**Q** 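Below is the structure I would like to discuss, written out as C-alpha cells.
Along the sequence shown, residues are numbered consecutively beginning with 1. Every value quoted in this text rests on a predicted model; they were computed, and no experiment measured them.
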Amino acid sequence: QVQLVESGGGLAQAGDSLRLSCKVDGRIFSGSAMGWFRQPTGEKREFVAALSWRAGSTVYADSVKGRFTISGDNEKTAYLQMDNLKPEDTAVYYCTADPRLETVVAGRVAVWGKGIQVTVCS
C-alpha cells in the first residue's frame, strides 16, 4: 500500500509564499504521476497541478498557472511551490498519486493524502 503524507501548509498573507510537500511512503511504480487538488470550504474538489515522473511533464489549472510550481524528488516526494498567494487559494490541499498522468489530472486516482489546510488572508 502507498501512503501519501502532506506537510508545509499553514497561514499566509496575500502575496506571500508557501511550499507544500507530499512524501510517498510505501510502494510506488516507476513512471507514475503525482499531483495536487484542493477543496475550498463549501466547494467541490478542484485540480491544481500534476507531474509525470517519467516524462517530466507538468499540468496546471488556469487559476494557479504562473503562480504555483509542481516538482518532485526521486519519485518519493512532490512539492507545490505557491507564490503570490491569494485569498481564493484558501483550501484543504490534497496530494494524489496514480500510474497515469491523465488519471491524476482527472482525479481518478488510486491514492489520496489526508489533506492539509492552507489559509490566505488579506
Side-chain angles (χ1 to χ4, degrees):
Q1 292 293 125
V2 177
Q3 186 176 21
L4 306 178
V5 182
E6 301 104 333
S7 63
L11 178 65
Q13 294 180 317
D16 286 353
S17 297
L18 288 174
R19 191 179 77 159
L20 304 183
S21 297
C22 177
K23 294 184 178 180
V24 178
D25 294 331
R27 186 193 68 179
I28 188 168
F29 291 110
S30 178
S32 63
M34 297 182 67
W36 293 91
F37 280 71
R38 67 186 183 187
Q39 185 171 19
T41 301
E43 300 183 28
K44 296 180 178 180
R45 182 189 64 194
E46 63 183 14
F47 170 76
V48 177
L51 167 69
S52 172
W53 296 107
R54 178 168 291 175
S57 60
T58 57
V59 181
Y60 295 94
D62 289 340
S63 60
V64 305
K65 193 176 301 181
R67 299 189 299 116
F68 291 9
T69 303
I70 188 172
S71 61
D73 182 20
N74 297 321
E75 299 189 358
K76 297 179 179 179
T77 307
Y79 304 100
L80 186 67
Q81 177 67 40
M82 303 183 293
D83 296 323
N84 192 24
L85 284 164
K86 302 177 180 180
E88 51 263 45
D89 295 321
T90 296
V92 176
Y93 283 71
Y94 297 92
C95 180
T96 70
D98 204 78
R100 298 171 56 195
L101 178 63
E102 290 186 349
T103 56
V104 169
V105 174
R108 302 199 295 183
V109 299
V111 182
W112 293 91
K114 294 182 179 180
I116 188 167
Q117 179 70 45
V118 172
T119 302
V120 183
C121 59
S122 63

**Q** Membership question, hydrophobic clusters at under 4.5 Å side-chain separation (ILVMFWY): are Y93 and L18 in the same one?
**A**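 Same cluster: L18 reaches Y93 through Ile, Leu, Val, Met, Phe, Trp or Tyr contacts under 4.5 Å.
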**Q** Indicate the atoms forming the closest heavy-atom contact of D83 with S17, along with that distance.
**A**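 Distance-wise, the nearest heavy atoms are OD1-OG, 2.8 Å.
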**Q** Using side-chain heavy atoms (C-beta onward) and a distance below 4.5 Å, is M82 in contact with V64?
**A**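 M82 does not reach V64 side chain to side chain.
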**Q** Kindly work out whether a path of hydrophobic side-chain contacts (I/L/V/M/F/W/Y, heavy atoms less than 4.5 Å apart) joins V104 to L4.
**A**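 They do not share one cluster, since no chain of ILVMFWY contacts under 4.5 Å joins V104 to L4.
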**Q** Taking all atoms of both residues into account, what is the closest heavy-atom pair of A14 and S122, and its distance?
**A**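 The pair with the smallest heavy-atom distance is CB-CB, 3.9 Å.
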**Q** Working to the nearest 0.5 angstrom, can you tell me the gap between C121 SG and L85 CG?
**A**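 C121 atom SG to L85 atom CG measures 10.5 Å (nearest 0.5 Å).
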**Q** How close do F47 and V59 get, counting heavy atoms only, and between which atoms?
**A**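 Smallest heavy-atom distance, with atoms named: CZ-O, 3.5 Å.
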**Q** With no hydrogens and no angle check, is any side-chain donor or acceptor of Y79 less than 3.5 Å from a backbone partner on T69?
**A**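 Such a contact is absent between Y79 side chain and T69 backbone.
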**Q** So with a 6.0 Å cut-off around CD of Q117, is the heavy-atom count from everything else above 12?
**A**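 Atom CD in Q117 is packed in, count exceeds 12.
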**Q** Return the set of residues passing side chain to side chain donor-acceptor pair (under 3.5 Å) with Q39 (not counting sequence neighbours), or none when no residue passes.
**A**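 Result, side chain to side chain donor-acceptor pair (under 3.5 Å) vs Q39: none returned.
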**Q** Return the minimal non-hydrogen interatomic distance between K44 and P40, and the atom names on each side.
**A**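 Shortest heavy-atom contact: O-CD, 3.9 Å.
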**Q** What distance do T90 atom OG1 and R38 atom CZ have between them, rounded to the nearest 0.5 Å?
**A**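 With rounding to 0.5 Å, OG1 (T90) is 9.0 Å from CZ (R38).
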**Q** Distance check, rounded to the nearest 0.5 Å: S57 atom OG versus I70 atom CD1?
**A**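 S57 OG to I70 CD1: 10.0 Å, rounded to 0.5 Å.
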**Q** Quick check for you: to the nearest 0.5 Å, what is the distance between K76 atom NZ and W53 atom CH2?
**A**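 K76 atom NZ to W53 atom CH2 measures 10.5 Å (nearest 0.5 Å).
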**Q** In this structure, would V109 and M34 fall into the same cluster of hydrophobic residues linked by side-chain contacts under 4.5 Å?
**A**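 Each belongs to a different hydrophobic cluster.
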**Q** Taking all atoms of both residues into account, what is the closest heavy-atom pair of Y60 and A49, and its distance?
**A**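 Minimum heavy-atom separation between Y60 and A49: CD2-CB, 3.7 Å.
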**Q** If you measure from CD1 on I116 to CH2 on W36, what distance do you get to the nearest 0.5 Å?
**A**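 Reported value, rounded in 0.5 Å steps: 7.0 Å.
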**Q** Atom CD of residue position Q13 - does it have more than 12 heavy atoms of other residues, nucleotides or ligands inside 6.0 Å?
**A**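 Not buried by this count: 12 neighbours or fewer within 6.0 Å.
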**Q** Report yes if some heavy atom in the side chain of W112 is under 4.5 Å from a heavy atom in the side chain of R45; otherwise report no.
**A**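 Counting from C-beta outward, W112 and R45 do come under 4.5 Å.
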**Q** Please identify each residue that fulfils salt bridge (charged side-chain N to carboxylate O under 4.0 Å, His left out) with R108, with sequence neighbours left out.
**A**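 For R108, no residue satisfies salt bridge (charged side-chain N to carboxylate O under 4.0 Å, His left out) once neighbours in sequence are set aside.
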**Q** How many angstroms lie between SG in C95 and CD in Q3, if you round to the nearest 0.5 Å?
**A**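 So the SG of C95 and the CD of Q3 are separated by 11.5 Å.
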**Q** Please identify which of these residues, V92, L80, L20, meets the side-chain contact (heavy atoms from CB on, under 4.5 Å) condition with V118.
**A**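 With V118 as partner, side-chain contact (heavy atoms from CB on, under 4.5 Å) holds for just one option, L20.
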**Q** Just wondering, do V24 and T77 contact through their side chains at under 4.5 Å, heavy atoms?
**A**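 Sidechains of V24 and T77: no contact.
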**Q** For the side chain of E6 and the backbone of G115, is there at least one donor-acceptor N/O pair under 3.5 Å apart?
**A**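 Between the backbone of G115 and the side chain of E6 there is a qualifying donor-acceptor contact (under 3.5 Å).
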**Q** Checking K65 now: which residues fulfil salt bridge (charged side-chain N to carboxylate O under 4.0 Å, His left out) with it, not counting sequence neighbours?
**A**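 With neighbours one apart ignored, the set is D62.
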